[in-house]
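Since the structure comes first, as structure tokens, the remarks are kept for the end.
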Number of protein chains: 2
Amino acid sequence: MRKGEATRARILQEAARQAAVRGLSVVSLNDVAEAVGLSKSGLFKHFESKEAMQLAVLETTLERFTAFVWAPAAELPPGRARLETIFERWLTWSEVENAEGGCLLMSAGAELDDQPGPLRDLLQAQQRRWLRTLQREFTALTDPPLSDRQARLAAFQMKSFVFGHNDNRRLLEDADARALAEAAFHDLLDRTARGD
Amino acid sequence: MRKGEATRARILQEAARQAAVRGLSVVSLNDVAEAVGLSKSGLFKHFESKEAMQLAVLETTLERFTAFVWAPAAELPPGRARLETIFERWLTWSEVENAEGGCLLMSAGAELDDQPGPLRDLLQAQQRRWLRTLQREFTALTDPPLSDRQARLAAFQMKSFVFGHNDNRRLLEDADARALAEAAFHDLLDRTARGD
DNA sequence: GAGAAAAGAGCACGATCGGTCACCTTGGTC
DNA sequence: GACCAAGGTGACCGATCGTGCTCTTTTCTC
């Protein structure tokens, strides 16, 4: 059982890597098994189907995302510094996690947005929660607190900048992607704090 | 030849539809052929390979994008109204073009960003040009004109809002996605015009 | 209307896909 | 050290993948 959990983790790691590069729905069980040093049928002792493996990949990636982006910010009190930490960690996450293939959550979002099923359901639920978290953080930014609509608008922009950063960096290969995103975000923080 | 061009167009239309839903690299020649009422081998009289077909799909989609988004704006003089038209048409494009599968250019961007080849090259080149076009439009927004850096930052934000709109609408199924994007964009126009 | 070229059908190929089954090997427990 | 379940292998299944081949039908041109 100890052994089993270790190989399961190795499988998930490799599967996540391939999913980030080729797409979550296009990972090949054969290739994953080979890379891990297993036979294809050996995989099925850890996951009852390909979809179950994809789901596990998504779950562990979501957990890693929370640990990497949210956890460090959670130690700070609500406010501007916390939001800045979230944004910085978020950008860094999308840069270093699966460095070759890019952020899995982002590519999976584009991939799953029109393919109903448990994968989409899971990602949608988490992303909705994440966006509400951001909204809550913005609400706590000013005194008196922002209106719901203002906070939603700010959270929407914050998230948009992460998407923009990702596209500029990966498809356009723009070396200034991060600087642009940071500048846009700090403008957003400034005018939100001013109460625009 | 007249006949051939017609079926070629039908093939491209169906292939684009499937590419938007399933992903550009996962379109099935069999399914495309069947949907068009052709045999699989019949496809190869119009495209020498699957990749050639994907490339043609991307090319025609890019042309349609330009015709739908840019052409109406090009009739207006540079300035705020033109930028507003571009943004509105862009959002509408992503909503109505391949309504079931979403904007092909967006999903293809996420799909191709780590897969070198002519497909990625084409999309990257066009998207870079498009972003420069937006930057140019922003430059012409104020008198005196915006600095390069300011215009780039504005274009980056505009594009980001389209990405955010797309994700909110399709994955999160947020009914307010368009309203949020429009609000964010008009704020951007306002403060850019003010010279922030 | 004859002839050539284009459009398309049908079949088969090798590869790969996710998945199953029977069998063997290892590791942990009493 | 016996035992049993967990971990893992290899062969194999049917389906589908992109693609090449030969052959027939349609369409355009003179």
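Here is how names work: the chains are called A, B, and so on, in the same order as the sequence lines, proteins then strands, and each is numbered from 1.
Rounding to whole angstrom units, NE2 of residue A:His46 and P of D:dA5 are separated by 18 Å. Atoms CG (A:Leu29) and P (D:dC13) sit 20 Å apart, rounded to a whole Å. One interatomic measurement links the two molecules: CG of B:Asn30 to P of C:dC17, which rounds to 18 Å at whole-angstrom precision. Straight-line distance from the CD atom of A:Glu34 to the P atom of D:dG10: 12 Å, rounded to whole Å. The CG-C1' distance, from A:Leu43 to C:dT20, rounds to 14 Å in whole Å. Rounded to an integer number of Å, the gap from A:Gln54 CD to C:dG18 C1' is 11 Å. What separates CZ of B:Phe44 from C1' of D:dC17 is a distance of 10 Å, to the nearest Å. To the nearest angstrom, C1' of D:dT26 lies 13 Å from NZ of B:Lys45.
Taking 4.0 Å as the cut-off between side-chain N and carboxylate O, A:Asp174 and B:Arg152 count as a salt-bridged pair.
Separating the CG atom in B:Leu171 from the CZ atom in A:Arg120 is a distance of 6.0 Å, to the nearest 0.5 Å. Atom-to-atom distance recorded for B:Leu146:CG and B:Arg136:CZ is 14.5 Å, nearest 0.5 angstrom.
Note on B:Val26: nothing from the nucleic acid sits closer than 4.0 angstrom, heavy atoms only. Within the 4.0 angstrom heavy-atom criterion, no nucleotide atom of any strand lies near A:Val32. Note on B:Lys50: only backbone sugar-phosphate atoms sit closer than 4.0 angstrom, heavy atoms only; bases stay farther off. At a threshold of 4.0 angstrom between heavy atoms, the contacts of A:Leu38 are confined to the sugar-phosphate backbone, with no base atom among them.
Within 6.0 Å of CD in A:Glu48 there are 12 or fewer heavy atoms belonging to other residues, nucleotides or ligands.
Considering A:Arg17, A:Arg89, A:Arg64 in turn, A:Arg64 is the only one that fulfils the salt bridge (Lys or Arg N to Asp or Glu O under 4.0 Å) rule with A:Glu97.
Checking A:Ser25 against B:Gly37, the closest nucleotide of DNA chain C that is more toward the 5' end is the one next to B:Gly37.
On a pure distance criterion of 3.5 Å, no polar donor-acceptor pair joins the side chain of B:Ser39 and the base of C:dG10. Put simply, the side chain of B:Lys40 and the base of D:dG18 share a donor and an acceptor less than 3.5 Å apart.
Contact annotation: B:Ser41 side-chain N/O to C:dG10 OP1/OP2 distance is not under 4.0 Å.
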